[in-house]
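Just below is one structure, and these are the notes that go with it.
Being a predicted model, the structure only gives us computed values, none of them experimental. Numbering of ligands and ligand atoms starts at 1, following listing order.
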Amino acid sequence: MLLVWTENLTVGVEEFDQEHKKLIAMVNELHGAIEAGDSKETLGIVLDQLENYARHHCLREELLFIKTGYPDAPAHMKEHDELRQMLAGLRERHESGLRARLSVEVMDFIYGWFTNHICCTDKKYSEHMHANGVF
Ligand SMILES: [Fe+2]
């Protein structure tokens, strides 16, 4: 099953909606590469791309939290830390050759982190950002 971005996932900040769409596409790409039995090298590249883009995206959100004085920033950034650690862990395990493990953990990652974080944690900043003129 693939993740799909729908209107109910909108966070009301154009840049972040676009980034979330791209992240979801990258998660799906990784999932597809695992399902297709792509080579370790290919999986490694797709995983690296996802990790780099996720880091970029989390940082963009965090910079805006700081700039606008977002009160829920600490809790939100803690969730980002969990994502960064999870992706780094996946990449390390992949590099050390534990391919079977990657599939199971990516599934947890897809259903656990992305659905919960975008729908619920990210959405919480919409009102704050709009009040600060960020759309
Ligand atoms: Fe976030």
Examine all N, O or S atoms of His76, backbone included, and report whether one is under 2.8 Å from the Fe ion (ligand 1).
-> yes
Would you say Asp122 has an N, O or S atom lying under 2.8 Å from the Fe ion (ligand 1)?
-> yes
Name of the Glu61 atom (N/O/S only) found closest to the Fe ion (ligand 1) | OE1
Is the His128 to Tyr125 ring centre distance short of 6.0 Å?
-> no
Answer yes or no as to whether an N/O/S atom of His117 is found below 2.8 Å from the Fe ion (ligand 1).
-> yes
Thinking salt bridges, do Arg55 and Glu19 make one under a 4.0 Å N-O criterion?
-> no
Contact check, side chains of Arg60 and Phe16, non-hydrogen atoms, under 4.5 Å = yes
Using the side chain to side chain donor-acceptor pair (under 3.5 Å) rule, pick out the option among His20, Lys123, His76 that qualifies with His117.
-> His76
